[in-house]
Structure formats: C-alpha cells, structure tokens
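Here's the structure we're looking at; comments come further down.
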Protein chains: 2
Amino acid sequence: MQVLKANESKPITIYDIAKEAEVSPATVSRVLTGNTNVRKEKRKKVLEIIEKYNFKPNAMARGLSETKSKIIGILVADVRNPFYAELFLACEQAAKLAGYTVMLCNSLNVMEQEEYLLDQMVQQRVDAIIQIGGRVDDLVSNMEYVEKVNQVMNTTPVVVTGKLEGTKCKMVRIDSMKAMELLMEYLISLGHQEIAMVGGSVRVLSTYEKLVQYRRSLQKYHIPYDPDLISAEGSYNVESGYRLMNEMLAKGKRPTAVVAINDFAATGVMHSLLEHGFRIPEDVSVVGYDNTYISQVMNPSITTIDYNYQYFGKCLIEAAIDAIEDRGELLKLVTPSLVIRKSSGAKK
Amino acid sequence: MQVLKANESKPITIYDIAKEAEVSPATVSRVLTGNTNVRKEKRKKVLEIIEKYNFKPNAMARGLSETKSKIIGILVADVRNPFYAELFLACEQAAKLAGYTVMLCNSLNVMEQEEYLLDQMVQQRVDAIIQIGGRVDDLVSNMEYVEKVNQVMNTTPVVVTGKLEGTKCKMVRIDSMKAMELLMEYLISLGHQEIAMVGGSVRVLSTYEKLVQYRRSLQKYHIPYDPDLISAEGSYNVESGYRLMNEMLAKGKRPTAVVAINDFAATGVMHSLLEHGFRIPEDVSVVGYDNTYISQVMNPSITTIDYNYQYFGKCLIEAAIDAIEDRGELLKLVTPSLVIRKSSGAKK
DNA sequence: GATAAAGTTGAAAGCGGTTTCGCAGATAAA
DNA sequence: TTTATCTGCGAAACCGCTTTCAACTTTATC
C-alpha cells in the first residue's frame, strides 16, 4: 500500500496541464513544441495554465522521445586554467543561443579520465562532444585513444580543438603559426634578435607549430638560429617557466626577449628574470599566450596573444551542431591577435 | 515508407542485449542495476554482451523511469574566477564518488540569469541544485529571488554557500569570522596596528562578517578603530583593489598592513602600493583571501586564506544528497586556514 | 517425499513527453 | 448541394529503461 507524504508534491506533467485546460496531452505537447496546428483560444488557455503552474517539461522525457538530449558535452583538461574557463563560458553562451545546454567535465589531463568521461557523456546521450585539451593536443595521436574516440563516434560526433589522427573528428583550432608570427614580427620590429622560447613541450601540437613558425620568422629576417634559446621540454605552468628560464640563464644565455608558452609560464619566466636582476621590459621583454587575466594582473602586465574566446566558443558550438546535422567543414582555424602590454619594449 | 540509411547505427538498447543473451529485458535491467536476483551464468552472459558492444544504458530513459536524473546542478557566478573553478572541480569529484553527475551553469552574477538557470535546471530535472555565489551572497536577501527559489524548492532542493532568508535552503558556508580572526591574529602578532581593509562590499554577507570580526579583533587587542582604514564600497576584482587603495593613500592614510577582500583585490592593492613607492612586505604587508593560484603567481607571493576546496566541495555534495534524501543539518561551517607567503612580514 | 520458503524470471505497466494516424468539422471548389 | 481539401485535435504507439506481479524453479525443513 502506498502512503502519501504530505509534501510529496510530484512535479506537474502535461497530463495535469491537459486536464485543467480540457484538452488532450497531445495538444499541450503541440503548444510546447510550437506546432502551429492548435486553435488560438486553446493555445492561449494552455499557455496560461503552464504559466500558472510554472510548468517546465521534463527534459528527460522529451529527450527520450526525440532520441536527442539537446546537450553538448564539453570535455576540458582543467577549468581552473582560465584558458579553459574562458572557452567553456563562451561555449555555454553560444550553446544557449542555439537552444542547447552544455555539460562540463574535467579530465585533469589523464587519459583514463578522458576515456571514462567520454563514456559518461555517451551514457547521458549528449548530442555531441567537444574536447578541448588533453589527448587532442598531442602532436602524434595516441592510438588507444583514437580507437576509443572512434568507438564513441559510432553514436556521438566529437569536435576537437587539436587533432586526432585516424578519426573523423571536426577540428576547430587556433592558428598557432599565425600567433607566433605576430609575436615574432612584433619583437623583431622592436629590434630583438636573441629571442628565447620557454616552456611547453614539443610533443604538443600547438607548441610544435609555434616552434616551426619561430624558425620561419628567424629565417625571414636572416637571424641566426640558436637551439640553446629553445627550452620546450617542460610544462605549461608557472613552475616550469621559472625553472626553464633559470636553466637557460645558468647556461649563460642572455636573450633580450622571451616568448613564454603561455601566460602562466610567462609569470615564471618573469620571476626568474627579476631574481637575476633583470628589469622587465627594460632589459628583457617577456610575452605570453592566452590573454588570461593573469597577464593583466601581473606587474608589469604581460604582452600576450588573444583568441577572441567568444568567437572561438561560437565556432566550436557551430562545429558541434554541424556535426550533429552531418554537414560543415572538417577544419576551421581561428585567427589570434596581439595584445601589447607593459612587459615588452624596444631592445635597449 | 521508411528508408534506412546505411550508417544509421542506432544506439544499442537493453532489448538488443536481451535478445542476444536469450533473456528478457527485465533481466538485463537487473544486472545493470546490480539487482542480485539473477543466476550467475545469466549475469555473466549478459555482462559479456554488454562489454562486447560497449553498451551504456540511456541515462534519460533510466532517469525518466526512476524519476531522478542523478545530476546535481551547480550554479556559480563565474567559473573564470578560480575560486568558483576550484569549488566546482571539487564538487565534480565528490559527486562522482557519490554516483552523481554534475551540471555547471554560470550566472555572471545577474539575477535574471540566475532565475533562468534555476528554471533550466528544473527542466533538466536535476536532483538538487547547489548555488555558489550570486544572490546567495547578499547580506539581505532579495525578496523576488527568495520567492523564485521557494518555487523551485517545491520540486528541487537547493543548497547555498551563503544564505537565502525565507527559504529552507541548506547552507554550507565558510567561517568568514574565523578567517578574519586568523588574519588579524597573525598581523597583530607581527606588530601591525594600522591595518586596512580594502575591497568588496558590506552588502555581501561574507564581507560583512569579515568587518565584524575585524572590529572584534581590534577590540581584543585594544587597538583603536579608524573607519578611514576601511574601504569596502567596491568590488572583488583587481581594478577595485587598485582604485580603493589609491584613494586611501590619497587621503593620507598609511596602513602598515592591508587585508584585501580576495586575491584579486590584493594584486590591485599591491600595484597601487608599489606605484606609490612602498615595498612589500618591508613597508606594507598585504594579505588576501581564497588561496587561488594568483597568490602563488604574484611577486611577492601573497599570504592568504585557504578553504580546503576538496573538503568544501565534498560538504556541498553531501549537503545536496542529504537534501535529496531529506535529512541532515541545515547549516555547516567550513573552517579556513592561513597560508603564509612572501607578501607579509613584521612591522618595521 | 511432501511442503514451505526462497530464488529466478518474463510479461506488462509505468515514467512524461512527441508524433503518427485518422476522424470530424470547416472551408473551398465544382 | 455535393465533393474535395484543409485544419484541429484526440487516441495510441513509441522512446528505453525500472519495477511490480505472478508464475515457475530450487532449495531448505521436517
């Protein structure tokens, strides 16, 4: 026997609405979905009652019925990194405009987590998955992961910000070459020749691309290439920038400008330089990437590369929806721009 | 007439599994839910086939059937703020351990958005909502918002990190008094007497509590209270810390220690002080709140208050689950701790 | 070995929407 | 007025799972 609790207020359903409006559930559903075949008076009445009870149709029921959730899953490496946070926020906004909800997951950059979360999203029956960071950043794609994503792609399209060789993932990617070109043209125009690159890892696609462009830019201006000015066997955080810069200075290298792999690394680089008695930007110019608020917060504020997160996010969502509807381009490049602040200046 | 597309690979269902395992769908469901009443051999066979197809049960169907989604909605003001990002991440982890998924929404601190997102979450039939930041931070609760939340609470429990007077929301809150007490005891022990408070707004609960404790601590040590050392008519960002500190210095005030309302404001305060020729910490000690990486990134690194995000998030999820199951305490305080770094030192 | 108790299993009824189908009434065409 | 077309709407099937119920097997008890 069922005992009713007093405050067991079951959520209202279209049946309740239908009864009170003296129509069939089908009609209520019609007004809910915007189907036009409902007489004006009935539509009005139904809407009034929906309003009265602040009725919200059960998304699970709707999703089950339509076999689509209207959710886009977003898998990032770590929202605590403002780069991901900015991008997620932009996706959230763009998704909303397109009638989608967004579901965020953090992999903390461990592959098992990424695989687990892909499964999790499949289980939620998200309509598409956008992966930002993690395995899709790899210069050479991980076979096991490729296999996993291919399995996922059987039912759910996947969009990535890097690449995943051996899959048909759509790609929306920052034009890292262009970004590095902007930085190099800028620094060289300021008279710099001894330009260092610090932080990151060559096994990451975007970093690799930056290195390629670095050499291209040097060549263009006939500046000799010194491998000791490249230090990309680290990570993307403060500590790494700090350590690698220290090491480079210890080797006796004295660059007049440093391109850090991102804003975090840039702060580490700056700490190192300051500790060694260099002034920024008087003695050494430092630039970063990502235009996170870190670059504004620091003293001096950091010259960096901006991606227009709003636009980037919009492109990602568009790609996801294109993927859902089985159309659209395979690769899209987002053009970065230069943000000049206080950490860079003319070579003295 | 239905035309089948070649690669229209419909996701597999328990019926498919059932057929291949030569059992009924009910049995498949039983093994899925861990129901014990299935003979060992059958269970094994079913599991094998599930494994073979990498079958993931449709969460919407399951949710609809069980009338619960196993999703906890998390409404934050802005993930780009590392405080929220940390907390969200901690919630995500804790939720996972408890068998829940988490759904993040950003209100950007505008009430219409908060209300809209509450509705959105209700529509998704999340099992509970955790609101972190936004209207729940207000010292005096907004009536309209209270009404909205009460309406939501008809169907979905809400947990807040602040308070919402006139609702039965569970609260999990940082002990801001304790936090300020730690800071004041520390600074006073270093010999500081002219201690300023910069940033934030008294209309925010936690800030109000900090101010209350500030005065208490002064009283305890018989230090005179100078209202001009309080500047809490601003916001929680860098710019605000910078501006308010400038104003205070312009008034001729010369505190030997500054408590900034959070790490962002602290960086603004530091910029202002440095520009005015003060050294940190030799001339002025600066402390912040939140122990975000900003406080590690800055030079000097910032002494701050830590909340143990991991634990905080766990408490939030526990409170949410307690709320779902209609039990547990109404209010829980999380105890903060002091993290001493380079931005503070003895009064010279 | 008979009987009671416990363990297994499938059929079927939901969960709350959407959509197809067909009927009835309204409107247009003949 | 009759016939054809269109519009509005309800009945019912379906989306993919869980769970109740009843029937059927096993196992335990005496």
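Here the structure is a predicted model, which means the values were calculated and not measured. Quick note on labels: first sequence line is chain A, next is B, and so on, each numbered from 1.
- Here the C1' atom of nucleotide dG16(D) and the CD atom of Gln124(A) are 14 Å apart, to the nearest Å.
- Proximity of a side-chain donor or acceptor of Thr155(A) to a complementary backbone N or O of Pro11(B) within less than 3.5 Å is not detected.
- A donor-acceptor contact under 3.5 Å is not formed by the side chain of Tyr15(A) with the base of dC15(C).
- Between Lys68(B) atom NZ and dC15(C) atom C1' the separation is 13 Å, expressed in whole Å.
- Near DNA chain D, meaning a heavy atom under 4.0 Å away, the residues from residues 56-64 of chain A are Leu64(A).
- Rounded to an integer number of Å, the gap from Lys19(A) NZ to dA11(D) C1' is 17 Å.
- For Asp78(A) (side chain) and Leu108(A) (main-chain N/O), no donor-acceptor pair under 3.5 Å exists by modelled atom type.
- For the pair Lys70(B) NZ and dC15(C) C1', the interatomic distance rounds to 17 Å; values are reported in whole Å.
- As judged by a 4.0 angstrom heavy-atom cut-off over every strand, Ser29(B) is placed among the base-contacting residues.
- A salt bridge links Lys52(B) to Glu20(B): at least one charged side-chain nitrogen sits closer than 4.0 Å to a carboxylate oxygen.
- Between Phe55(B) and Asn35(B), the residue whose closest nucleotide on DNA chain D is further toward the 5' end is Phe55(B).
- Here Glu114(B) pairs with Arg135(B) in a salt bridge; the nearest charged N to carboxylate O distance falls below 4.0 Å.
- Under a 4.0 Å N-O distance rule, the pair Asp137(A)/Lys163(A) does not qualify as a salt bridge.
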Nucleotide N/O of nucleotides 8-11 of chain C paired with protein N/O under 3.5 Å:
residue : atom : partner  : partner atom : Å
dT8(C)  : O3'  : Arg39(B) : NH2          : 3.4
dT9(C)  : OP2  : Arg39(B) : N            : 2.7
dG10(C) : OP2  : Ser24(B) : N            : 3.0
dG10(C) : OP2  : Ser24(B) : OG           : 2.9
dG10(C) : OP2  : Thr27(B) : OG1          : 2.6
dG10(C) : N7   : Arg30(B) : NH1          : 3.4
dG10(C) : O6   : Arg30(B) : NH2          : 2.5

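- One finds no side-chain N or O of Ser65(A) lying less than 4.0 angstrom from the OP1 or OP2 phosphate oxygen of dC15(D).
- Put simply, CD on Glu41(A) is 13 Å from C1' on dC9(D), counting in whole angstrom units.
- For the pair Pro25(A) and Ala18(A), the tightest heavy-atom approach, listed with the atom from each and the gap, is N-CB, 3.6 Å.
- Between Ile324(A) and Lys68(A) there is no side-chain heavy-atom pair separated by less than 4.5 Å.
- Following rounding to the nearest Å, Ile12(B) (CD1) and dG16(D) (P) show an atom-to-atom distance of 12 Å.
- By the 4.0 Å N-to-carboxylate-O rule, Glu92(A) lies too far from Lys96(A) to be salt-bridged with it.
- Minimum interatomic distance between Ser141(A) and Glu165(A) (heavy atoms only, all atoms of both residues): OG-N, 2.9 Å.
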